[in-house]
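Sequence lines set the chain letters: A, B, ... in the order given, protein chains first and strands last, and positions in each chain run from 1. Quick note: numbers below take in every heavy atom, side chains included, and nothing from hydrogens, waters or symmetry partners.
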Amino acid sequence: MIRPSPSRSFIVLTTVEHGFPHQPSALGYSPSLHILAIGTRSGAVKLYGAPGVEFMGLHRENNAVVQIHFLPGQCQLVTLLDDNSLHLWSLKVKGGVSELQEDESFMLRGPPGAAPSATQITVVLPHSSRELLYLGTESGNVFVVQLPAFRTLEDRTISPDAVLQRLPEEARQRRVFEMVEALQEHPRDPHQILIGYSRGLVVIWDLRGSRVLCHFLSSQQLENVCWQRDGRLIVSCHSDGSYHQWPVSTDAQPPEPLRSHVPYGPFPCKAITKIFWLTTRQGSPFTIFQGGMPRASYGDRHCISVIHNDQQTAFDFTSRVIDFTVLAEADPAAAFDDPYALVVLAEEELVVIDLQTAGWPLVQPPYLASLHCSAITCSHHVSNIPLKLWERIIAAGSRQNTHFSTMEWPIDGGTSLAPAPPQRDLLLTGHEDGTVRFWDASGVCLRLLYKLSTVRVFLTDTDPNENLSAQGEDEWPPLRKVGSFDPYSDDPRLGIQKIFLCKYSGYLAVAGTAGQVLVLELNDEEAEHTVEQVEADLLQDQEGYRWKGHERLCARPGPVRFEPGFQPFVLVQCQPPAVVTSLALHSEWRLVAFGTSHGFGLFDHQQRRQVFVKCTLHPSDQLALEGPLSRVKSLKKSLRQSFRRIRRSRVSSRKRRPAGPPGEVPEGSSRAERTGLQNMELAPVQRKIEARSAEDSFTGFVRTLYFADTYLRDSSRHCPSLWAGTNGGAVYAFALRVPPAERRMDELVRAEQAKEIQLMHRAPIVGILVLDGHSVPLPEPLEVAHDLSKSPDMQGSHQLLVVSEEQFKVFTLPKVSAKLKLKLTALEGSRVRRVSVAHFGSCRVEDYGEHHLAVLTNLGDVQVVSVPLLKPQVRYSCIRREDVSGIASCVFTKYGQGFYLISPSEFERFSLSTKWLVEPRCLVDSAETKNHSCPRNRSGPEKALGRARNSGSQSDGEERRPSPVMEHALLNDERAMVIGVLSEWP
Amino acid sequence: MNRSFHKSQTLRFYDCSAVEVKSKFGAEFRRFSLDRQKPGKFEDFYKLVVHTHHISNTEVTIGYADVHGDLLPINNDDNFCKAVSSANPLLRVFIQKREAEHGSFVAGSLSRRRKALALREDGPRRRPHLHISMPHDFRPVSSIIDVDILPETHRRVRLYRHGCQKPLGFYIRDGMSVRVAPQGLEKVPGIFISRMVPGGLAESTGLLAVDDEVLEVNGIEVAGKTLDQVTDMMIANSHNLIVTVKPANQRNNVVRGSRASGSSGRSSDSTASRHSLPVAHVLQNLHPDEMESDEEADVVLEGVLEPRLVPRPPPGSLARVNGASLAPGLHSPGREGSGSVHRLLSSLRSDPRHSLALPPGGVEEHGPAVTL
């Protein structure tokens with residue numbers, strides 16, 4: 001056999017970011033490419049098209065992206081940053097795949113001596129000629145810049161003075177200019193542009209004759225302007241919450257507004273900041289505007305109103321609206337706009353509203369999911385889900401999504417060339433509000449499949465049946481809540497802390513903040529039953545302790561109705577109700593083990609009986625006993641320390657800046673540095689050097705639980721066992737006796753403690769693993785039964801691998817004697833934060849692979865450590881060491897990939913294995929855009945593809961909306977069909 | 001004898017100043033008591049012990065288990081007084097024949113093989129006729145090592161924590177250090193000792209002081225490492241911590257070779273080598289196996305108490321656990337007597353030479369159940 005050199009199969013690649021960009025600051029859309037662009041405050045630009053089509057670019061400057069504009073009909077876009085710089089990006093095809101790259105950057109320079117505001121860009125208009133950019137500024141000037149080199153055409157600048165001179169006498173009286181608020185090209189005539197100034201003057205400027213064709217004067221501060229499609233009407237919106245329609249005519253008479261309207265008057269209203277006026281083939285035009293709500297009572301809402309015929313809805317978003325756009329007919333020759341979708345970028349989520357279907361339902365986005373609708377508290381990854389379970393989860397999820405529109409995802413530019421994912425992977429996230437979300441993590445698009453809520457099991461303050469959004473018919477304004485972002489949890493005790501899913505049996509265990517452990521079973525039907533409750537007293541008969549933390553949750557008595565999906569049948573509540581810190585489920589033995597800071601317990605969920613509990617608490621550990629409240633003080637302390645640290649890091653970062661010539665150092669910074677150093681003298685950050693002792697706090701905290709069938713007692717008989725590792729470096733092993741299947745309900749599961757190992761370095765145990773006779777980690781429960789793994793070798797001697805934060809140690813079994821060890825902390829000063837077994841396949845030899853440990857340290861390094869020889873293979877820095885929450889959120893997959901949160905709303909995906917890479921590979925071609933218009937009257941291959949999708953899922957009567965996720969699950973012939981269609985594409 | 005020695009059974013309950021003594025020779029036990037305030041003289045005690053064990057004609061050495069579980073000698077009035085006054089509550093005395101005695105005192109028999117430097121604080125003894133124990137009868141607390149390979153401005157200090165319940169007792173901080181670079185003096189970040197805990201091990205050695213710069217931890221340079229990393233490294237090595245420091249006070253440096261003056265006169269030489277330690281800057285005087293042997297072994301307990309809950313274990317399993325199956329697990333090769341072993345465990349061992357570690361709270365020695 002060819003043994004690939006181990007180092008060749010490891011790399012660390014950050015491959016793709018999943019979720020919603022943190023702090024979005026700009027939105028752009030290309031009607032011709034059908035591609036959406038989002039800019040962020042950290043200077044990232046992200047492009048999204050059809051599912052799987054994603055690009056990301058990062059400005060060298062760490063400045064917020066303020067505006068994004070696609071150049072009409074081209075694969076190019078211009079971004080404006082808050083440092084007033086313009087950047088030209090383009091999608092270039094390289095090796096058959098498009099790449100986003102920055103071509104040029106540009107800073108507008110005014111005439112010498114001009115005020116900075118003279119060149120402060122407020123509006124950017126890419127002209128349809130594709131080579132000119134009109135830039136409106138704060139001073140009222142409109143500069144003209146030639147692309148792609150950003151050459152300023154100074155002779156074509158439209159200054160306020162020039163406009164003033166060309167205005168009729170009567171309009172010249174007032175100072176009406178100030179900054180440029182709007183720049184729009186005439187929809188039919190590229191030689192006319194509209195310029196709107198903030199004081200209320202709007203002029204239509206003839207580019208060839210350099211003259212004012214007409215002007216409109218409003219008494220209110222101007223916010224924005226919109227042309228009607230034929231150019232005969234403009235609609236302006238103003239800071240007092242009104243909008244005006246103005247007829248466009250070349251008469252010398254200064255026109256009066258055709259119609260003025262304050263939609264939410266008569267009381268003072270907030271400004272309407274952006275307005276769309278879109279004509280339709282049948283009926284009245286769509287008026288869509290942002291803001292304009294009554295100031296006093298609804299001024300704090302983030303609303304976008306849609307008015308069409310006699311229907312009016314104010315969509316009320318969960319967070320600030322950054323920007324919005326309307327998807328409409330892209331062909332300029334078409335007679336009507338016929339808008340079909342409203343795309344709203346809010347601060348925390350992207351909302352797309354179907355404007356063609358009555359009631360304007362939401363469209364479920366295939367990407368940009370708001371992972372943080374409720375804060376993520378934990379995550380769990382399950383690789384290689386069997387098709388059956390996958391389909392059942394999707395079926396359960398599809399019934400939750402019936403309120404979504406059936407419209408196909410309208411933003412469908414580009415073609416994804418990435419191969420179909422090799423397997424079905426699930427990422428489960430637990431949230432603060434007691435929900436667990438199931439995400440399809442197989443491919444580039446992280447897509448929500450199903451959402452499980454554990455709230456129904458408990459009595460909470462808010463009744464889930466109470467419909468908060470229910471409003472009377474004649475309610476005014478006609479608000480409608482949209483979006484899923486809801487960071488406020490009713491009860492923090494509901495928060496999910498640990499998740500364990502058995503992919504073979506469909507059993508799921510979920511544990512939370514108030515010591516609750518739920519065991520759930522997948523059921524395709526709705527059911528109503530009582531959840532059995534059991535209390536696990538982890539302190540046993542230890543007297544004299546008072547738990548000062550939160551109370552346990554109160555379970556809902558009587559039968560509860562559960563929707564199809566995972567339905568809880570047993571609730572174990574730990575007493576005291578401390579956070580569940582570890583969880584393990586063995587679906588073959590029907591056992592669930594759970595641990596808190598006080599001890600751990602084993603529960604037989606078949607017979608619904610507690611098997612045993614074990615208290616691991618050190619009697620002097622008051623901190624753990626009293627619960628989280630008593631930690632307030634130490635939290636304060638740690639906050640104080642982290643402030644000090646921030647201060648210190650500022651000082652040191654200043655130091656690290658490359659030193660210029662000594663004369664050039666500005667006086668101010670050196671003084672700041674000196675004061676910084678003085679601060680350090682006053683409050684030095686110091687660390688106590690002390691060995692760990694048994695009396696330390698939280699030594700009894702159970703960090704890890706592990707089931708194994710191994711030689712615990714003697715080397716002749718193996719038996720089921722449960723292993724638990726604590727924060728204080730202790731490992732407890734219990735021998736279990738599980739009755740055979742036929743007598744499973746008749747006999748009791750028995751357990752007795754067989755071993756206790758105290759690691760003398762007393763570091764927290766983060767992983768326990770048993771290796772079989774061939775030094776291969778034992779398979780998961782039921783894995784062998786499903787023929788998905790070789791049976792473990794039970795002939796040779798087993799070994800126990802214990803991973804603490806500081807060391808890796810291999811012991812022999814059943815006689816626990818140390819065999820090998822790898823010290824990490826003593827040598828490097830880094831500690832293990834996460835460890836997981838990963839299978840590394842060779843990229844050259846098909847069926848060859850090795851098991852190794854994937855390790856994440858507190859410094860953010862990812863290491864691979866070989867098993868069983870404990871040789872460090874590679875080390876890469878992966879996460880910034882300051883990013884504590886990123887490091888804490890990391891999960892490894894079984895195949896050498898990993899996820900961690902780069903922001904509250906985004907997972908970064910990385911890969912340690914060359915064999916398993918999930919990254920976007922896609923092609924965007926400006927030529928292909930000819931056929932695009934609106935999704936309902938699409939023609940050509942796209943339609944065929946859509947039909948193929950539909951035919952695939954229509955057999956499932958309930959699920960009319962095709963989901964791309966299903967496709968991965970469908971059989972090979974379906975995939976072949978899709979590929980066949982794609983190959984016809986060009 | 002005299003008033004300070006009594007037969008134990010009478011005094012135990014009504015005389016609170018009595019110290020119960022349990023004396024062991026071979027497999028035999030004797031119990032008697034002593035007066036805590038006036039224990040008397042060592043010679044009287046010796047005679048009493050020899051008498052009660054009926055071994056008057058043999059040369060024996062007497063040792064006792066101190067609160068840390070170490071076997072310490074009783075061979076003069078001072079350590080006899082100390083033994084009695086520190087008995088808590090029971091004084092365990094172990095008697096061995098003189099010829100068998102060699103190499104049995106002090107916990108961690110391996111550590112004694114090194115010629116460790118014991119600190120002696122008092123001057124010449126007042127009574128020179130007294131028997132003074134060999135250095136290996138003392139527990140080393142700290143030592144200066146590798147004097148021959150380090151620059152004189154540096155000091156490598158080893159702190160022996162095992163068997164000692166004193167905290168290591170110091171704090172470290174970030175700071176700025178001045179180095180000699182080709183282009184002149186330059187400031188570089190460094191790690192410094194910021195505070196000593198009074199009564200801690202670090203302070204009691206007198207070898208480390210506030211503002212000493214930490215250069216290495218167990219042979220690994222700390223340059224480029226963060227304060228947290230260095231903290232973690234020190235804690236990970238806390239059972240056998242070796243820190244190389246550049247003392248803030250350079251006047252007490254060890255003087256090497258025949259040169260009599262301090263290091264101040266030869267600074268050019270030492271500063272040159274200051275940052276370029278010998279390539280093999282690993283701790284040369286410590287062989288790897290010694291390092292290893294010094295490591296405290298993990299403790300494995302087999303079949304401890306059953307979980308309290310149902311089902312009850314079959315009767316007799318406990319006895320088996322603590323009797324037969326315990327022994328092989330404990331006496332696994334290579335782990336014998338290495339360091340201060342888990343107290344609970346060692347109290348189960350039969351041979352005092354390997355395990356005289358006793359929990360301070362007292363443990364019932366003969367029962368099958370082990371309780372803390």
Side-chain angles (χ1 to χ4, degrees), chain A residues 540-541 601-602 609-615 619 648 652 655 677 680 684-693 713-714 729 732 734-735 748-761 763 802 805-807 809 811 815-818 823-831 858-859 881, chain B residues 161 167-176 187 189 192-195 197 200 202 217-218 220 222 225-239 241 295-311 313 317 321 325 328-329 332-335 339 342 372:
Chain A
Q540 301 180 20
D541 47 0
L602 181 67
R609 283 184 73 258
Q610 181 172 297
V611 180
F612 74 90
V613 292
K614 161 99 183 161
C615 179
R648 196 176 61 79
S652 53
K655 277 227 84 83
L677 281 171
M680 219 171 71
V685 179
Q686 45 177 11
R687 294 279 181 275
K688 188 177 185 179
I689 305 300
E690 206 45 77
R692 291 192 183 84
S693 83
R713 285 242 161 104
D714 54 68
Y732 302 93
F734 281 77
L748 296 183
V749 176
R750 290 169 191 281
E752 62 184 277
Q753 182 163 340
K755 292 215 161 44
E756 178 180 336
I757 305 166
Q758 174 64 57
L759 299 186
M760 283 320 271
H761 65 289
V802 176
E805 281 193 358
E806 294 184 352
Q807 298 187 1
K809 257 185 150 158
F811 298 90
K815 196 190 278 183
V816 179
S817 57
K823 289 188 189 178
L824 192 70
T825 314
L827 298 177
E828 292 177 13
S830 58
R831 288 199 304 254
N858 65 332
L859 304 179
R881 68 172 59 165
Chain B
R161 204 187 66 84
L168 282 170
F170 65 102
Y171 289 73
I172 57 172
R173 63 166 169 91
D174 279 315
M176 282 293 169
K187 274 186 145 186
F192 294 84
I193 294 176
S194 62
R195 191 151 84 84
V197 176
V217 174
N218 287 53
I220 292 160
V222 305
K225 292 200 157 55
T226 64
L227 183 63
D228 287 336
Q229 273 177 283
V230 178
T231 307
D232 287 341
M233 285 167 68
M234 286 189 172
I235 290 174
N237 287 305
S238 59
H239 56 88
L241 182 61
E295 181 142 329
E296 296 172 283
D298 305 322
V299 176
V300 180
L301 286 160
E302 308 251 349
V304 199
L305 291 175
E306 290 300 317
R308 192 180 57 87
L309 244 101
V310 283
S317 73
V321 160
S325 71
S332 52
R335 211 131 21 90
H342 196 280
L372 270 172

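- Residue Tyr732(A) does not touch chain B at all, counting heavy-atom pairs closer than 4.5 Å.
- Arg831(A) meets the salt bridge (Lys or Arg N to Asp or Glu O under 4.0 Å) test with Glu805(A), Asp232(B); sequence neighbours excluded.
- Rounding to the nearest 0.5 Å places CD1 of Ile757(A) at 8.5 Å from CD of Glu302(B).
- Here Ile235(B) contributes atom CD1 and His761(A) contributes atom NE2; the two are 12.5 Å apart, rounded to the nearest 0.5 Å.
- By the salt bridge (Lys or Arg N to Asp or Glu O under 4.0 Å) test, Glu690(A) is found to be paired with no residue, residues two or more places apart in sequence or in another chain being considered.
- The distance from atom OG of Ser194(B) to atom CZ of Arg687(A), rounded to the nearest 0.5 Å, is 10.0 Å.
- Rounded to the nearest 0.5 Å, atoms CD1 (Ile689(A)) and CZ (Arg195(B)) are 12.0 Å apart.
- Of the two parts of Asn858(A), only the side chain, counted from C-beta on, holds a non-hydrogen atom closer than 4.5 Å to a non-hydrogen atom of chain B.
- Annotation: maximal heavy-atom pairing with chain A below 4.5 Å, among Thr231(B), Ile172(B), Val222(B), occurs at Ile172(B).
- Taking 4.5 Å as the limit, every side-chain heavy atom of His239(B) sits out of range of all side-chain heavy atoms of Met760(A).
- Between Asp298(B) and Leu759(A) the shortest heavy-atom distance is OD1-CA, 3.2 Å.
- Considering all non-hydrogen atoms of both residues, Gln229(B) and Glu828(A) come closest at NE2-O, 3.2 Å.
- Using a 4.5 Å cut-off between heavy atoms, Leu824(A) does not touch chain B at all.
- Here the closest non-hydrogen pair linking Ala826(A) and Ala236(B) is N-CB, 3.7 Å.
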